[in-house]
Undergrad: 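Next up is a structure, given as structure tokens.
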Amino acid sequence: EDGEVVWGSDMPKKKAIDAGVLLMVDYCRNMSPRYTFDKVEVQCEPMTVRMENDVRITLTGTADRVRSQALSGTGDWWDEEGAGTAFGIIDVKSGKRVISSEGKIAVDKHVAQLGTYELIQLLAGNTLGYKFTLPAEIIALPTSGSHTKVASESVEAPSRILLGET
């Protein structure tokens with residue numbers, strides 16, 4: 001045992017370190033430069049939603065990454081000069097099966113969680129004063145298998161899974 005990590009035969013410590021170093025280098029060289037991360041690990045202020053019959057649901061959570069993107073045009077998030085910033089949530093996933101055998105991110109496995117992230121966007125927007133308009137994204141860090149490169153994929157309207165829509 002090493003702190004909270006229990007090393008198993010399927011991923012011994014040396015193999016995990018070697019894979020982690022390769023993924024981190026790939027992430028830093030090829031993935032991270034694509035984004036402007038405005039916030040990392042945002043602990044959101046709780047938000048209570050009041051439902052019928054005085055039922056109250058308190059939402060809490062942490063956003064992995066909040067990305068920002070400069071825009072130009074008009075709209076309620078633009079400043080007087082016509083420049084503005086759009087924001088979106090990114091969820092970072094790692095593991096053996098985060099990328100399918102076809103080399104694609106296993107979005108279906110994670111889209112429901114991203115739907116929950118739309119709720120996190122509400123919380124983060126409330127905490128940070130941001131309006132989130134960019135699609136949610138998954139960044140995948142595969143720890144084994146034939147696909148060893150970091151990948152990302154946008155997910156439009158992930159809450160459709162939570163609402164039972166396809």
Side-chain angles (χ1 to χ4, degrees), residues 1-45 59-72 84-162 165-166:
E1 245 179 84
D2 205 0
E4 293 183 25
V5 178
V6 177
W7 302 101
S9 60
D10 63 328
M11 182 63 83
K13 186 175 182 178
K14 168 115 176 66
K15 185 177 177 183
I17 290 171
D18 291 347
V21 167
L22 291 174
L23 287 171
M24 187 56 62
V25 168
D26 187 27
Y27 175 84
C28 290
R29 285 186 181 160
N30 301 310
M31 188 61 60
S32 183
R34 297 181 191 177
Y35 301 98
T36 301
F37 295 114
D38 191 70
K39 305 285 182 197
V40 176
E41 293 296 323
V42 176
Q43 182 62 48
C44 300
E45 296 173 13
L59 305 171
T60 62
T62 303
D64 284 0
R65 308 275 187 282
V66 175
R67 67 184 171 110
S68 61
Q69 180 179 323
L71 303 172
S72 61
T85 304
F87 297 96
I89 294 286
I90 293 180
D91 190 22
V92 179
K93 294 288 182 200
S94 63
K96 294 179 190 178
R97 293 178 280 289
V98 72
I99 295 186
S100 71
S101 59
E102 293 83 33
K104 299 189 184 252
I105 295 177
V107 171
D108 291 346
K109 288 174 55 176
H110 304 293
V111 80
Q113 184 175 2
L114 283 172
T116 305
Y117 262 54
E118 287 187 336
L119 295 174
I120 297 288
Q121 285 183 162
L122 287 173
L123 294 173
N126 184 53
T127 299
L128 302 171
Y130 293 173
K131 179 177 180 178
F132 287 87
T133 57
L134 297 174
E137 285 198 41
I138 296 173
I139 294 179
L141 306 168
T143 58
S144 65
S146 59
H147 303 285
T148 57
K149 294 287 185 187
V150 176
S152 70
E153 189 166 336
S154 294
V155 182
E156 294 285 343
S159 62
R160 71 185 187 281
I161 296 295
L162 295 177
E165 301 169 5
T166 56

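By convention here, the first residue in the shown sequence is residue 1.
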Undergrad: Within this structure, what is the CG-CE distance for the pair Leu141 and Met24, rounded to the nearest 0.5 Å?
TA: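 Leu141 atom CG to Met24 atom CE measures 7.0 Å (nearest 0.5 Å).
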
Undergrad: Would a 4.5 Å heavy-atom cut-off, applied to side chains only, mark Leu23 and Pro142 as touching?
TA: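 When only atoms from C-beta onward are counted, Pro142 and Leu23 do touch, with a gap below 4.5 Å.
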
Undergrad: Find out whether Ile90 and Ile138 are in side-chain contact, i.e. whether some heavy atom of one side chain is under 4.5 Å from a heavy atom of the other.
TA: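 Sidechains of Ile138 and Ile90: no contact.
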
Undergrad: Considering non-hydrogen atoms only, spot the tightest contact between Ala151 and Met31 and give its length.
TA: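 That closest heavy-atom pairing would be C-CE, 3.6 Å.
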
Undergrad: What pair of heavy atoms forms the shortest contact from Arg34 to Asn30, and how long is it?
TA: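 Between these two residues, the closest heavy atoms are NE-O, 3.1 Å.
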
Undergrad: Can you check whether Glu41 reaches Arg65 side chain to side chain, under 4.5 Å on heavy atoms?
TA: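 In short, these two side chains touch, coming nearer than 4.5 Å.
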
Undergrad: Taking all non-hydrogen atoms of both residues, which atom of Ala86 and which atom of Thr133 are closest, and how far apart?
TA: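 Shortest heavy-atom separation between Ala86 and Thr133 comes out as CB-OG1, 3.4 Å.
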
Undergrad: Identify the two heavy atoms, one from Leu134 and one from Arg67, that lie closest to each other, and give their separation to 0.1 Å.
TA: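 Heavy atoms of Leu134 and Arg67 come nearest at CB-NH2, 3.4 Å.
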
Undergrad: Side-chain contact, heavy-atom cut-off 4.5 Å: Ile139 with Val150?
TA: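 Ile139 vs Val150: side chains touch.
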
Undergrad: Using every non-hydrogen atom in the two residues, find where Phe132 and Gly125 come nearest and quote the distance to one decimal.
TA: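 What the structure gives for the nearest pair is CE1-N, 3.4 Å.
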
Undergrad: Calculate, to the nearest 0.5 Å, the distance between atoms OH and OG belonging to Tyr35 and Ser68 respectively.
TA: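 With rounding to 0.5 Å, OH (Tyr35) is 12.5 Å from OG (Ser68).
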
Undergrad: What pair of heavy atoms forms the shortest contact from Ile89 to Val66, and how long is it?
TA: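 Answer, listing the atom of Ile89 first, then Val66: CD1-CG2, 4.1 Å.
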
Undergrad: So, do Tyr130 and Asp38 sit near enough that their side-chain heavy atoms are less than 4.5 Å apart?
TA: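 Side-chain contact under 4.5 Å: yes.
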
